[in-house]
Every structure is written in structure tokens, then in C-alpha cells.
Amino acid sequence: MGKNEYTDDDVVIIGGSEWKPSEDKKGRTGGRSGRRKTLIVSLAVLVLLPAVAYAVWGVCNMMQFPKSRPDHEIVSMLSAKPEGVPGVSRNDEEIMGVKLEIFSISGLHAHFADSVPDCSDTSVYLVTRSADYRIWKDSRKMLGDFVQDGIVLSRDTWRAGFMAISDGNAQIGISRWNKVFRYVVRHGGSFFRQMAIVSAGTRCDRQYILKGKVTRCAYARDENGKMYFVQTSDAETLYGFADALIEYGFIDAVYVTGGAQEDLFYRDADGVPHGSYTDDKPHKLVVWTK
């Protein structure tokens, strides 16, 4: 600060040499009030710096992946009715050496279930697994945010991928924010978090905590918002699976636990059943019905 520059707190008396409030009695500037201000500012910085750093870290953590659509758009789509003729159609493709079994889902409602439904029921069209879990003290503990019929069973946002269901309408997304989660809870819906595999057409490498090669499966959507269930015929790495999904044209993909089912049950648009569903583990299931 220059010799003739003053702060807003200074009172400057023009044409006199009387003592000024910013000087001590011997004419020295600063004094106790200046030191007191410096101390207060220093303490404020020390107190606020960790909070600011944590806030910045939180924002960066939330925005770790590019988003193909904002959360408010997903919320608005949860109130829409499922489109298309009810049914599931299968298409097998080999992309970049990865054999994919692609199941297109149309006009169906979804809900969570604790046990395998009766697949002879003509209203049941598709059954898949959902989130990861672990057994703790002889009970099942879900990993990541998990809501079933409006009841919150688990909280954790590290897994950036999610499926949200409200009034039977299901949407997937990639986000750590809680906007969709809160909407689902308020409306008595269901919600699970899983690893994000693809977001806005790019790989989510930082989510890939699973190594090695096993069969993989995921819920995915294309640029038109259509929902698919995809699984590999052979054991694949997450990186290879993700690259194949992106090459095929999927925008977002959310991992599903348990690996591929050799004979996945689904029902086509004509109501004809294919395959079967067997599971000897206590997975939470996603059941799609007409």
C-alpha cells in the first residue's frame, strides 16, 4: 500500500498533524488495534481453511464423472409412464472381441424383491440381481445407498451409479448427489447404488475396484433413454466390458452384482418365456412386470 493510500477504516484529517486513529500516541501506525485485526483474521483463516478445503473436495468428489443428464431430468422422467409394447427382446453381438447378450426392455414396470418370483406368472417378464451385499452377524447388509419401497436400508454414496424406481418406472444415472435418492424416499420408491461403469459415453475407471476376469452384467441406456440389461457370455475385465458397451453406443451403464446368468429368464413381447432364474444367494432382485 502506497504512502498516500488509506484503508476504509482510516480517518484522514487534511492539513493537520494531529494524532490519527490508525496511529499510536507516538505516531506509529498499526498499534494494538492493527495487531488485534491481524490476529483475528489469522484465526478466522485457520478456522475456515479446513471447511473450505473439505467443501472443495466434496464438490470435486461429486463431480468426478461427466454426467450425461442432470438429476432433475431423471426425477422428471420417473413420473413418466414406461413406453413401448411390453416385453424383452434379446440381441447377441460381439464388440471388440467381447460377446454381449443385450436385452432390450420396453413398456415394463420394475420393483425390488427379496425372493425369486414365480416365473410361470405371465406378468413376470425379467428378473435380475441388483446391488452388492455382505453378511454381517447372520443378516444381509446392503452396500451403497439402498431404499426398498420407501424404507432406507443403507446409506453410502461412494458407488456413483444408481437405479431409481418410482411408481414402477425405472431410470439409471451416474451421480453422487442425493436429489434422486430423496425423491424416491418421498414417493415410496426403490433405489440402489452400484459401481458406475460408463458415464456420458466414457469409462469410469476410478470406480473399478473389481479386478481380473469374470462374467459381467449391467443396466445400460442408449442416447434415446431406452433401458437395457447387458451381460457377457465369457469372462471379461471391467475395462473390456466398458469399452464394448461404449463402442455399441451406450451412454450410461451401472454394474449389477453376481455375474451373468447362463440361462437368464425373460419373456418376449408375445409373452413367450425364455430361460429360467435360479439363485442360491440372498440377492436383492429387480423384477420387471407387465
Side-chain angles (χ1 to χ4, degrees), residues 63-71 73-74 77 82-84 87-108 110 126 128-132 144 158-164 170-176 192-266 268-269 274-275 286 288:
M63 300 177 67
Q64 187 176 24
F65 310 105
K67 294 176 65 175
S68 60
R69 53 181 175 169
D71 289 0
E73 182 179 324
I74 297 175
M77 296 183 73
E83 298 180 351
V88 177
S89 61
R90 174 175 174 168
N91 180 35
D92 291 359
E93 296 278 354
E94 184 169 341
I95 309 293
M96 303 176 69
V98 177
K99 295 180 180 179
L100 299 178
E101 300 169 9
I102 304 169
F103 299 87
S104 172
I105 303 170
S106 297
L108 299 176
L126 177 67
T128 76
R129 304 181 186 100
S130 61
D132 284 317
W158 182 85
R159 296 164 188 253
F162 66 82
M163 171 180 278
Q171 297 288 327
I172 64 169
I174 313 296
S175 171
R176 286 195 174 106
F192 76 79
R193 280 195 179 277
Q194 256 292 9
M195 290 184 296
I197 300 179
V198 177
S199 181
T202 62
R203 281 192 342 208
C204 302
D205 293 16
R206 294 185 182 181
Q207 290 269 283
Y208 296 174
I209 58 175
L210 302 178
K211 308 300 180 183
K213 283 189 173 184
V214 297
T215 56
R216 309 287 184 181
C217 52
Y219 276 105
R221 74 174 194 92
D222 62 19
E223 61 182 356
N224 297 317
K226 187 174 180 57
M227 183 84 76
Y228 299 80
F229 181 76
V230 186
Q231 61 181 25
T232 65
S233 300
D234 303 319
E236 304 289 348
T237 65
L238 276 175
Y239 299 95
F241 185 34
D243 287 339
L245 293 172
I246 293 168
E247 183 68 19
Y248 185 81
F250 291 119
I251 303 300
D252 295 331
V254 176
Y255 196 70
V256 172
T257 193
Q261 284 234 210
E262 293 184 4
D263 196 22
L264 181 72
F265 171 81
Y266 71 97
D268 62 30
H274 302 264
V286 182
W288 296 81

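The side-chain hydrogen bond (donor to acceptor under 3.5 Å, both in side chains) check on Thr215 picks up nothing, with sequence neighbours excluded. With sequence neighbours left out, the side-chain contact (heavy atoms from CB on, under 4.5 Å) criterion links Lys226 to Ser104, Ser106, Asp222, Tyr228. Looking at residues two or more places apart in sequence or on another chain, you find no ring-ring contact (aromatic ring centres under 6.0 Å, His included) involving Phe241. Scanning for ring-ring contact (aromatic ring centres under 6.0 Å, His included) contacts around Tyr266 gives Phe103, His274, with sequence neighbours left out. Under the rule for a side-chain hydrogen bond (donor to acceptor under 3.5 Å, both in side chains), Gln261 has no partner lying at least two apart in sequence or in another chain. Residues forming a side-chain hydrogen bond (donor to acceptor under 3.5 Å, both in side chains) with Gln171 (at least two apart in sequence, or on another chain): Arg69. Scored by the side-chain hydrogen bond (donor to acceptor under 3.5 Å, both in side chains) test, Ser89 finds no partners at all (sequence neighbours excluded). Take Phe265 and apply the ring-ring contact (aromatic ring centres under 6.0 Å, His included) test, not counting sequence neighbours, and it matches no residue. With sequence neighbours excluded, the residues that form a salt bridge (Lys or Arg N to Asp or Glu O under 4.0 Å) with Asp92 are Arg90.
The shortest heavy-atom contact between Val286 and Ala110 is CG1-CB, 4.2 Å. Of all heavy-atom pairs spanning Val198 and Ile251, the tightest one is CG1-O, 3.2 Å. The shortest non-hydrogen separation linking Thr202 to Pro66 is OG1-CG, 3.3 Å. Between Tyr208 and Ala196 the shortest heavy-atom distance is CE2-O, 3.7 Å. Across Tyr255 and Cys217, no two heavy atoms sit closer than the pair CD1-O, 3.7 Å. Pairing each heavy atom of Val230 with each of Ala220, the nearest pair is CG2-CB, 4.4 Å.
Annotation: Glu94, atom CD; neighbour count of heavy atoms from other residues, nucleotides and ligands within 6.0 Å is above 12.
The shortest distance between side-chain heavy atoms of Tyr248 and Asn91 falls below 4.5 Å. Taking 4.5 Å as the limit, some side-chain heavy atom of Phe229 sits within range of a side-chain heavy atom of Val256. In this structure, the side chains of Pro82 and Leu108 stay at 4.5 Å or more apart for every pair of heavy atoms. The shortest distance between side-chain heavy atoms of Phe250 and Ile102 falls below 4.5 Å. You'll find the side chain of Met195 stays beyond 4.5 Å of the side chain of Cys204, heavy atoms only. Contact check for Ile174 versus Lys67: no side-chain heavy atoms found under the 4.5 Å cut-off. Contact annotation: the side chain of Leu100 approaches that of Thr232 to within less than 4.5 Å [non-hydrogen atoms, C-beta and beyond].
Residue pairs satisfying the salt bridge (charged side-chain N to carboxylate O under 4.0 Å, His left out) criterion with at least one member in residues 234-253, sequence neighbours excluded, are listed as follows: Arg203-Asp243, Arg221-Asp252. Residue pairs meeting the salt bridge (charged side-chain N to carboxylate O under 4.0 Å, His left out) criterion with at least one partner in residues 256-265, sequence neighbours excluded, are absent. Evaluation of the salt bridge (charged side-chain N to carboxylate O under 4.0 Å, His left out) test over residues 209-220, restricted to residues two or more places apart or in two chains, returns none.
Between the Arg159 side chain and the Arg193 main chain, no donor and acceptor come within less than 3.5 Å of each other.
Checked by atom type, the side-chain pair Ser233/Glu101 shows a donor-acceptor distance below 3.5 Å.
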